[in-house]
Amino acid sequence: MIGILRAKVLTAAAALLASLLNVTSVFAQDAPLASTPPATATATAAQDAPLTSTPPATETAPMPSPVSPGTTISGRDIPPARGATPGQILQGPIVSEGEAPPHLKLGQVQAGDVPLAINLPTALRLADARPLIIAAAQASLQLALAQWQHARVLWLPSLNAGGAYLGHAGGSAGNRGPEFINGRDQLMIGGGVYAIYAVTDAIFTPLYQRQIVRARQADVQTARNDALRNVAEAYFTVQQERGRLAGMLDVQEKSRRLVDAIRSLSKDLTAPIEVNRAQTQLADIEREVALKYQDWRVASAELTRELRLNPITVVEPLEPPELQVTLISPRETVDNLVPIGLTNRPELAANQALVQATLARIRQERMRPLIPSLILAGNPIPVAPFGELMFGGFWSDFSGHNNPASFRFDPNVQLFWQLENFGLGNRALVRERQADRQRALVELFRVQDHVAAEVVQAHARVQSAAIRVARAETEIQQAVTTFNGNLKAIRQTTDFGGRLVLVNRPLEAVDSLRQVERAYDNYFLSVSDYNKAQFQLYWALGYPAGILACDRINNDEVRPVDTSRPPQMAPVNAPPPCQRCGPR
């Protein structure tokens, strides 16, 4: 009779575990990781669990799709969601040098410094894998995958194996009161299955963790986009400082010519103080040359930090500093650009996944009182009072008399429903999850507002920089023409009241040289601002970094670069760029 009862109990426990597995798979089918998200985050949230009587109906979120490589876990693929196609908005990279760029002699890396030649396609390709922010995001994704894998096996019991010994010698009280003096020993060696969990957690925790994985996938794409933008900005800062150095070297050469020209003038035509003024200006320009070279080295160190290259090198771009890169036409209207950013940005996809995760938590707490909890363990016995051992060999003796060895099997299966704190605790947990949902929604809307603002700001920078580049080209032409005219005029004389005087005073040539210096600075700052604004707009629109780092770069444009670092620094074990599968 006892054997039949045990068989029925074990059959019921096996059926319960099987049904739990089926329920988990059904819920997983209802919420695939990479499925098309609902129309709006607020609509889904409102259908599942309205937070208040007056939900914020005016707030709606765009539906971004996470763009990340496919990931596998336990033999099951997580298909990556597809991002928006760049279409006609993304036209570049289109490379040009403007209408009338100044062709200057570039400064050289000084003796004692180590040059590192690199071009923009190579820098963008390296930005696809080497920056630390990508490695950090990938580590977070691996952590989320491990947590999801653990959540999927919550319904499986743990397997115990071991032994237990219980000994007693001396007096003990009997059930009816008298004291007995005896001794006994018990030994059990075996194993058992052990599981104590809420079935609700086994069903809904995997659904929650799936959404966390989806958010971390979007975070990886966010990190790649951020890395591309950071590397591009650092690269164009190097170009900016290199161009400003070239401009200052040209001003220095002009200043020396001006000093020689003033020295050659007759003392009857100019005072000696004019030579002193020109020499003072030359000394100040030479000081600025040293400062500009310092700025080049500082910018180079920032770029090598982003790309994790040798920090002692001085980056020497192969393109001219007046290079202009156009990715998106400045003529594009902001009305067309904002919706693209609200569709493509992976930050929105990550936050939307977090909203979906909070919805799973709400359902979990609502179903908790309705779905039982399970206890599957060994029946507590004196030799194994905590239920870790369910079956195994059993040996015992009593007062020196050995009992025959036997096999024990002591299963304990319990199902129970629980109302925490008479149901008030469950109600509080539901409200807590609803508050988490509302907080996640607010964060989603905050990010949405930031995305729209960043698109508008980047578009404004692109348009402004395009205008400033054209004006700066004109400024350089006029400033150089003015200086050359003044330099020529100080050698020319005219009769004034029977006395020869200079057509122009040397002071006018000195002042015009300062205009040339400002024109060069304005030009290279404007070109750098234009290039940075282009990449900022590309980033703000949420286009994947892999389009520029991999898809639109020919392999023959990528040059070999020495990626070794000092032995005191940690080696870079990044995977080869552009080698992963799936959309970038």
Charged N to carboxylate O below 4.0 Å: is that the case for Lys254 and Asp250?
yes
With no hydrogens and no angle check, is any side-chain donor or acceptor of Ser255 less than 3.5 Å from a backbone partner on Val251?
no
Working note: Ser564 + Asp562, criterion side chain to side chain donor-acceptor pair (under 3.5 Å); need CA distance, chi angles, decisive distance, verdict.
CA-CA 6 Å; Ser564 62; Asp562 182 11; 2.8 Å; yes
For Asp128 and Leu124, indicate whether the former's side chain and the latter's backbone hold a donor-acceptor pair under 3.5 Å.
no
Counting only N and O atoms by type, is there a donor-acceptor contact under 3.5 Å from the side chain of Ser526 to the main-chain atoms of Asn522?
yes
Can a salt bridge be assigned to the pair Glu274 and Arg277 using a cut-off of 4.0 Å between side-chain N and carboxylate O?
yes
Min side-chain heavy-atom separation Val462-Arg331 under 4.5 Å:
no
For Leu104 and Leu249, run side chain to side chain contact (heavy atoms under 4.5 Å, CB included): C-alpha distance rounded to whole Å, both residues' side-chain angles, the deciding distance at 0.1 Å, then the answer.
CA-CA 9 Å; Leu104 304 175; Leu249 289 174; over 6 Å; no
Judged by modelled atom types alone, do Glu233 and Gln536 share a side-chain donor-acceptor pair under 3.5 Å?
yes
Taking the side chain as everything from C-beta on, heavy atoms only, tell me whether Leu106 gets closer than 4.5 Å to Pro321.
yes
N/O donor-acceptor pair under 3.5 Å between Gln356 side chain and Arg210 backbone:
no
I'd like to know if Glu288 and Lys292 make a salt bridge, using a cut-off of under 4.0 Å between side-chain N and carboxylate O.
yes
Gap separating the CZ atom of Arg242 from the CZ atom of Phe524, nearest 0.5 angstrom:
10.0 Å
Without swapping roles, check the side chain of Asp219 against the backbone of Ala350 for a donor-acceptor pair under 3.5 Å.
no
Examine the side chains of Gln534 and Tyr530 and answer whether a donor and an acceptor come within less than 3.5 Å of each other.
yes
Only pairs at least two apart or in different chains count here, so list each side chain to side chain donor-acceptor pair (under 3.5 Å) that has a residue in residues 104-113.
Asp113-Tyr293
Does the side chain of Gln221 come under 3.5 Å of the side chain of Asn225 through a donor N or O and an acceptor N or O?
yes
Going by heavy atoms in the side chains, are Tyr235 and Asn531 under 4.5 Å from each other?
no
Are Arg446 and Asp449 within salt-bridge range, i.e. N to O under 4.0 Å?
no
Begin with the C-alpha distance, continue with both residues' side-chain angles, and end with the deciding distance and a verdict on side chain to side chain contact (heavy atoms under 4.5 Å, CB included) for Leu116 and Asn310.
CA-CA 9 Å; Leu116 177 64; Asn310 193 336; over 6 Å; no
Answer whether the closest heavy-atom distance between the side chains of Asn230 and Ile133 falls below 4.5 Å.
yes
Quick check against the 3.5 Å criterion: does Gln281 have a side-chain atom that pairs as donor or acceptor with the backbone of Val510?
yes
Are Gln279 and Arg263 packed together at the side-chain level, in the sense that at least one heavy-atom pair is separated by less than 4.5 angstrom?
yes
For a 4.5 angstrom cut-off between non-hydrogen side-chain atoms, does Leu90 reach Ile547?
yes
Whether Arg439 and Glu443 form a salt bridge (side-chain N of Lys/Arg under 4.0 Å from carboxylate O of Asp/Glu) is what I want to check.
no
Test salt bridge (Lys or Arg N to Asp or Glu O under 4.0 Å) on Arg471 and Glu475; report intermediate values, then the result.
CA-CA 6 Å; Arg471 299 296 183 270; Glu475 182 183 5; over 6 Å; no
Is Arg224 reaching over with its side chain to a backbone N or O of Ile134, donor-acceptor style, under 3.5 angstrom?
no
